[in-house]
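Below: one structure, written as structure tokens.
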Amino acid sequence: MAEAPGDPKSVKQDDKGKYVDGKGDPTFNVKPDGTVDWYSYSGYRRYTSECSVCHGPDGEGSTYAPALKNSLKTINYPEFYGIVVGGRQNLGGGENKVMPALGDNKNVMCYIDDIYVYLRSRSNEAVPRGRPPAHDEKPPQASEAEKACLGE
Ligand code: HEC
């Protein structure tokens with residue numbers, strides 16, 4: 001078993017305006033009035049369009065796929081990344097459940113950190129269910145990185 005994600009407390013912002021924890025992994029930042037950082041908000045939107053069909057709204061899980069807000073209590077950033085890129089199949093017990101490999105899907109991979117940050121915030125109960133009521137503005141560096149990733 002790999003180590004758990006660890007303390008989600010943000011220690012600084014990286015060169016893309018993304019908050020990172022003491023290990024340098026992406027994390028959320030929620031102000032006392034509930035305003036969430038840009039990446040958490042963006043992650044909410046991307047999660048809702050790319051993952052919730054199987055994993056249920058707000059990371060709450062479904063009868064088909066696990067609640068990722070719980071998964072992220074034990075799955076750390078590199079593991080999360082690997083599962084999303086390569087997919088996973090539960091071959092035990094004759095179950096036929098498949099996590100698709102999404103490594104070629106730009107609508108996922110260009111926002112993988114956003115999705116991770118959002119789910120991490122959910123796993124720490126830092127943001128409520130549903131659309132975050134208020135969010136920081138999009139950092140200009142996030143727009144540039146997005147364009148480069150999407151090949152625009
Ligand atoms: C077509 C349905 C489907 C979609 C879409 C999907 N998943 Fe999954 N995912 C699954 C299933 C089913 C599993 C459980 C696989 C297993 O049992 O091994 C899973 C497992 C996972 C796991 C491991 C969870 C754990 O507790 O072990 C992660 C992380 C994950 N998915 C992330 C994502 C993310 C992020 C997205 C959106 C970018 C996504 N998935 C989209 C079906 C899906």
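We count ligands from 1, going down the list as the structure has it; atoms in each ligand are counted the same way. Not measured: the values here are computed from a predicted model.
- Applying the 4.0 Å criterion to heavy atoms of Phe80 picks out, from ligand 1, the atoms 29 (C), 35 (C).
- Of all the heavy atoms of Val98, the ones lying under 4.0 Å from any atom of ligand 1 belong exclusively to the backbone.
- Heavy-atom proximity to Lys97, at under 4.0 Å, picks out these atoms of ligand 1: 12 (C).
- Residue nearest to atom 24 (C) of ligand 1, selected from Ser71, Ala65, Pro100, Gly87: Ser71 (by heavy-atom distance).
- No side-chain heavy atom of Ser40 sits less than 4.5 Å from a side-chain heavy atom of His135.
- Where the criterion is an N or O separation shorter than 3.5 Å, residue side chain and backbone included, Arg88 meets it with respect to ligand 1.
- Interface atoms of ligand 1 facing Ile75, defined by a heavy-atom separation under 4.0 Å, are 24 (C), 25 (C), 26 (O), 27 (O).
- Here the side chains of Pro57 and Arg129 are in contact, with some heavy-atom distance below 4.5 Å.
- Proximity of a side-chain donor or acceptor of Tyr41 to a complementary backbone N or O of Pro133 within less than 3.5 Å is not detected.
- Remark: Lys9 does not engage Asp21 in a salt bridge, criterion side-chain N to carboxylate O under 4.0 Å.
- The distance from atom 8 (Fe) of ligand 1 to the nearest N/O/S atom of His55 is under 2.8 Å.
- Using a 4.0 Å cut-off between charged side-chain N and carboxylate O, Lys31 and Asp136 make a salt bridge.
- The shortest distance between side-chain heavy atoms of Tyr111 and Leu150 falls below 4.5 Å.
- Taking the side chain as every heavy atom from C-beta outward, Glu146 and Lys16 never approach each other to under 4.5 Å.
- Contact atoms of ligand 1 toward Val108: 38 (C) (distance under 4.0 Å to a heavy atom of the residue).
- Per-residue contacts place Gln89 under 4.0 angstrom from the following atoms of ligand 1 (heavy atoms of the residue considered): 18 (O).
- Atoms of ligand 1 found under 4.0 Å from any heavy atom of Leu68, numbered from 1 in the order shown, are 22 (C), 24 (C), 28 (C), 29 (C), 30 (C), 32 (C), 33 (C).
- Residue contacts with ligand 1, taken as heavy atom pairs separated by less than 4.0 Å, involve Tyr64 via backbone and side-chain atoms alike.
- For Tyr118 and Phe28, the ring centers sit 6.0 Å or farther from each other.
- Nearest to atom 43 (C) of ligand 1 by heavy atom, out of Ser62, Pro66, Cys54, is Cys54.
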